Enquirer: 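Sending over a structure as structure tokens; questions will come in a sec.
Values in this document were obtained by computation on a predicted structure and should not be read as measured data.
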Amino acid sequence: MHIDFAPLRIPFRRRVQTAAVLLWVFSFLALAQCCVVLSIILLFTRFWFVPVLYVTWWYWDRHKPYRGGRRSRFLRSLRLWNHFRDYFPIHLIKTADLDPKKNYIFGFHPHGILVAGAFANFCTEMTGFGEKYPGLKPHMLMLPLWFRIPFFRDFIMTAGLVSSDKESAKYLLKRAEGGNVAVIAIGGASEALDARPGAFTLLLKNRKGFVKLALQFGAALVPVFSFGENEVFDQVNNPKGSILRKIQERLQRMMGISLPLFHARGVFQYSFGLIPYRKPIHTVVGKPIDVEKKENPTEEEINEVHQKYIEELGKLFEEHKTKYKVPEDKHLTFI
């Protein structure tokens, strides 16, 4: 196997960018496990009181991930995230003004492998969300499992992440003063199993829970498409029906998370590794779809709004795809 090593002379800024992305990948893939192991180890040392005190704190604070979280503007604005953004680079594109007196559901597509575009745009301040949408506060929804892990839960909440439990989304959308944005990767973990360069298949046809929430609280729906999201990682071939895919789907049903076997480049070479490729990501935020508040929407009403959402998402993709080097003959496929 030929290994393509990185040149010895690389601008320092690019090395810093790679380091920032490496830290992000580590946080996504291994930090939670490290927090669990550290908590267990501490129990058998003279610092045993640290996890004991933390459990007391966790119990008192256990509802926080379901009630807006605990975001930190300071941590969201760290210069570290500038380097993370510039590695790809990642851009946030606004297409319409949003009223800060309203609440919104942003449907993020596609999920990709590690939702890099969603993290940069909605979990940091580095792509200008606050300037582009003044008065709005984005909250990215994440699987409840991650908020049960000691220390890790507090870390991810600082970025504006909250539980994807319905209770959490309802808390955000019922705020009468408005200004809350619930960001949902609609395709979820299942869609990640189809994330690979050139893929435009979205798991959306039977995903209607977010539409029901929008109707119940009168929150406007905003389609978001992240061009380049599927381009930054390769994935081991796992067509539906294959042994690998069956194992992945079974593990997903058991654990609630998917385990795509992805790869890209390394830190000091470009041939293999878990560092994403340096490919641009352009996250385009569409126009709001206003819905009439209905506390008990009928299935027909949900289907009607859902169909309108699919149509608007398709229009958004078609209007912008050629700007971001998507071939004219490529179209979204909804499954």
Enquirer: Hey, would you say the Phe119 and Phe84 ring centroids sit under 6.0 Å apart?
Expert: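 Yes, ring centres under 6.0 Å apart.
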Enquirer: Atom CD of residue position Glu304 - does it have more than 12 heavy atoms of other residues, nucleotides or ligands inside 6.0 Å?
Expert: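 Not buried by this count: 12 neighbours or fewer within 6.0 Å.
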Enquirer: Would you indicate whether the side-chain heavy atoms of Asp290 and Lys102 approach each other to under 4.5 Å?
Expert: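 Yes. Closest side-chain heavy atoms under 4.5 Å.
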Enquirer: With no hydrogens and no angle check, is any side-chain donor or acceptor of Asp4 less than 3.5 Å from a backbone partner on Tyr270?
Expert: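 Pair absent, no side-chain N/O of Asp4 close to backbone of Tyr270.
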Enquirer: Phe227 vs Phe225, test: ring-ring contact (aromatic ring centres under 6.0 Å, His included). Steps then yes/no.
Expert: CA-CA 6 Å; Phe227 292 90; Phe225 195 88; 4.7 Å; yes
Enquirer: Could you list the residues that satisfy ring pair (Phe, Tyr, Trp, His ring centres under 6.0 Å) with Phe122, not counting sequence neighbours?
Expert: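 Applying ring pair (Phe, Tyr, Trp, His ring centres under 6.0 Å) to Phe122 gives Phe106, Phe129.
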Enquirer: On a heavy-atom basis, which atom in Lys246 and which in Gly241 lie closest, and how many Å separate them?
Expert: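 In terms of heavy atoms, the two residues are closest at CE-O, 3.3 Å.
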Enquirer: Can you name the nearest heavy-atom pair linking Ile90 to Ala120, along with the distance?
Expert: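 Smallest interatomic distance, heavy atoms only, reads CD1-CB, 3.5 Å.
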Enquirer: Should side-chain heavy atoms under 4.5 Å link Ile, Leu, Val, Met, Phe, Trp and Tyr, which residues sit in the same cluster as Val16?
Expert: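 For the cluster that includes Val16, the remaining residues are Phe12.
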Enquirer: With a sphere of 6.0 Å drawn around CZ of Phe26, does it hold more than 12 non-hydrogen atoms of other residues, nucleotides or ligands?
Expert: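 Yes, the 6.0 Å shell around CZ holds more than 12 heavy atoms from other groups.
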Enquirer: In terms of side-chain heavy atoms, does Asp234 have a donor or acceptor partner in Tyr277 at a distance below 3.5 Å?
Expert: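 Distance-only check passes for Asp234 and Tyr277.
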Enquirer: Are Tyr54 and Asp154 linked by a side-chain donor-acceptor pair shorter than 3.5 Å?
Expert: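 There is such a pair between these side chains.
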Enquirer: According to ring pair (Phe, Tyr, Trp, His ring centres under 6.0 Å), does anything in residues 286-312 pair up with another residue at least two apart or in another chain? List the pairs.
Expert: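 Found His109-Tyr309, Phe210-Tyr309.
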Enquirer: Of all the heavy-atom pairs spanning Pro138 and Arg76, show the shortest one and how long it is.
Expert: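 That would be CG-NH2, 3.9 Å.
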Enquirer: Please assess Arg85 against His91 for the test side chain to side chain contact (heavy atoms under 4.5 Å, CB included), listing each intermediate value before the final yes or no.
Expert: CA-CA 8 Å; Arg85 174 201 64 200; His91 307 274; over 6 Å; no
Enquirer: Hey, can you pull the donor-acceptor pairs under 3.5 Å for the side chains in residues 279-289, sequence neighbours left out?
Expert:
from	atom 1	to	atom 2	distance (Å)
Thr283	OG1	Asn121	ND2	2.8
Thr283	OG1	Ser226	OG	2.9

Enquirer: Please determine whether side chain to side chain donor-acceptor pair (under 3.5 Å) holds for the pair Asp99 and Tyr104, giving the CA-CA distance in whole Å, both sets of side-chain angles, and the decisive distance to 0.1 Å.
Expert: CA-CA 9 Å; Asp99 185 353; Tyr104 298 88; 5.5 Å; no
Enquirer: So which residues get pulled into Ile41's cluster when ILVMFWY side chains under 4.5 Å apart are joined, directly or through others?
Expert: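 Its cluster partners, ordered by chain and number, are Val37.
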Enquirer: Between Glu295 and Gln216, is the side chain to side chain contact (heavy atoms under 4.5 Å, CB included) condition met? List the steps.
Expert: CA-CA 4 Å; Glu295 291 187 10; Gln216 288 176 326; 5.8 Å; no
Enquirer: Taking the side chain from Gln235 and the backbone from Ala195, do they hold a donor-acceptor pair closer than 3.5 Å?
Expert: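 Yes: the side chain of Gln235 pairs with the backbone of Ala195.
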Enquirer: Got a donor-acceptor contact below 3.5 angstrom from the Glu292 side chain to the Leu215 backbone?
Expert: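 Here the side-chain-to-backbone pair does not exist.
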Enquirer: Return the set of residues passing side-chain hydrogen bond (donor to acceptor under 3.5 Å, both in side chains) with Gln248 (not counting sequence neighbours), or none when no residue passes.
Expert: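 Gln248 satisfies side-chain hydrogen bond (donor to acceptor under 3.5 Å, both in side chains) with Asn238 once adjacent residues are dropped.
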Enquirer: Side chain to side chain contact (heavy atoms under 4.5 Å, CB included), that's the test. Do Arg62 and Phe147 meet it? Break it down for me.
Expert: CA-CA 9 Å; Arg62 65 190 184 282; Phe147 296 93; over 6 Å; no
Enquirer: What pairs with Phe217 under ring pair (Phe, Tyr, Trp, His ring centres under 6.0 Å), at least two apart in sequence or on another chain?
Expert: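 Phe217 satisfies ring pair (Phe, Tyr, Trp, His ring centres under 6.0 Å) with no residue once adjacent residues are dropped.
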Enquirer: For residues 233-257, which residue pairs qualify under ring pair (Phe, Tyr, Trp, His ring centres under 6.0 Å), counting only residues two or more places apart or in two chains?
Expert: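 Residue pairs with at least one partner in residues 233-257: Phe233-Phe262.
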Enquirer: Give a yes or no on this: more than 12 heavy atoms of other residues, nucleotides or ligands lie within 6.0 Å of atom CG of Asn296.
Expert: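 No, the 6.0 Å shell around CG holds no more than 12 heavy atoms from other groups.
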Enquirer: Is Trp81 reaching over with its side chain to a backbone N or O of Leu75, donor-acceptor style, under 3.5 angstrom?
Expert: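 It does hold such a pair.
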Enquirer: If you look only at distance, which donor and acceptor atoms sit under 3.5 Å apart when one is on a side chain in residues 249-261 and the other is two or more places apart or in another chain?
Expert:
from	atom 1	to	atom 2	distance (Å)
Glu249	OE2	Arg245	NE	3.3
Gln252	OE1	Ser190	OG	3.4
Gln252	NE2	Ser190	OG	2.6
Ser258	OG	Ala189	O	2.9

Enquirer: Do Ser168 side-chain atoms and Ser164 backbone N/O form a donor-acceptor pair below 3.5 Å?
Expert: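 Not at all, since once roles are kept as given, no pair shorter than 3.5 Å links the two residues.
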Enquirer: With a 4.0 Å cut-off on N to O distance, would you call Asp61 and Arg153 a salt bridge?
Expert: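 Yes.
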Enquirer: I'd like to know if the side chain of Arg13 reaches the main chain of Asp86, judged simply by a donor and an acceptor atom lying under 3.5 Å from each other, with no hydrogens or angles considered.
Expert: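 Side chain of Arg13 to backbone of Asp86: no pair is present.
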Enquirer: Can you find a heavy atom in the side chain of Arg207 that is under 4.5 Å from one in the side chain of Leu203?
Expert: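 The answer is yes, as the side chains (C-beta and beyond) meet within the 4.5 Å cut-off.
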Enquirer: Of all the heavy-atom pairs spanning Asn230 and Gly112, show the shortest one and how long it is.
Expert: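 Smallest interatomic distance, heavy atoms only, reads OD1-CA, 3.3 Å.
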Enquirer: Answer yes or no: are there more than 12 heavy-atom neighbours, outside Ile243 itself, under 6.0 Å from its atom CD1?
Expert: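 Open.
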Enquirer: With heavy-atom distances below 4.5 Å as the criterion, would you say the side chains of Ile335 and Leu202 are in contact?
Expert: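 No; the side chains remain at least 4.5 Å from each other.
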Enquirer: Provide the closest heavy-atom pair for Arg278 versus Thr18 in the form atom of the first, atom of the second, distance.
Expert: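 Between these two residues, the closest heavy atoms are NH2-OG1, 3.4 Å.
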Enquirer: Which distance, rounded to the nearest 0.5 Å, do you find between the CG of Leu213 and the CD1 of Ile302?
Expert: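 Answer rounded to 0.5 Å: 9.5 Å.
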Enquirer: Would you list the atom pairs, donor with acceptor, under 3.5 Å between side chains in residues 156-163 and any protein atom, with sequence neighbours excluded?
Expert:
from	atom 1	to	atom 2	distance (Å)
Thr158	OG1	Phe155	O	2.5
Ser163	OG	Asp165	N	3.1

Enquirer: Applying ring pair (Phe, Tyr, Trp, His ring centres under 6.0 Å), can you list everything that pairs with Tyr66, at least two apart in sequence or on another chain?
Expert: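 With neighbours one apart ignored, the set is empty.
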Enquirer: Would you say that more than 12 heavy atoms from the other residues, nucleotides or ligands in this model lie under 6.0 Å from the NZ of Lys212, or not?
Expert: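 Open: at most 12 neighbouring heavy atoms sit under 6.0 Å from NZ of Lys212.
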Enquirer: Going through the distances and angles, do Phe272 and Arg265 end up as a side chain to side chain contact (heavy atoms under 4.5 Å, CB included)?
Expert: CA-CA 4 Å; Phe272 58 88; Arg265 52 158 288 190; over 6 Å; no
Enquirer: Determine all donor-acceptor pairs shorter than 3.5 Å in which one atom belongs to a side chain in residues 173-180; sequence neighbours excluded.
Expert:
from	atom 1	to	atom 2	distance (Å)
Asn180	OD1	His139	NE2	3.3
Asn180	ND2	Leu172	O	3.2

Enquirer: Inspect the contact between Lys315 and Glu318 and indicate whether a charged nitrogen and a carboxylate oxygen are less than 4.0 angstrom apart.
Expert: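 Not counted as a salt bridge, because no side-chain N and carboxylate O are separated by less than 4.0 Å.
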Enquirer: Is the backbone N or O of Lys330 less than 3.5 Å from a side-chain atom of Lys321, with the two atoms forming a donor-acceptor pair by type?
Expert: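 Present.
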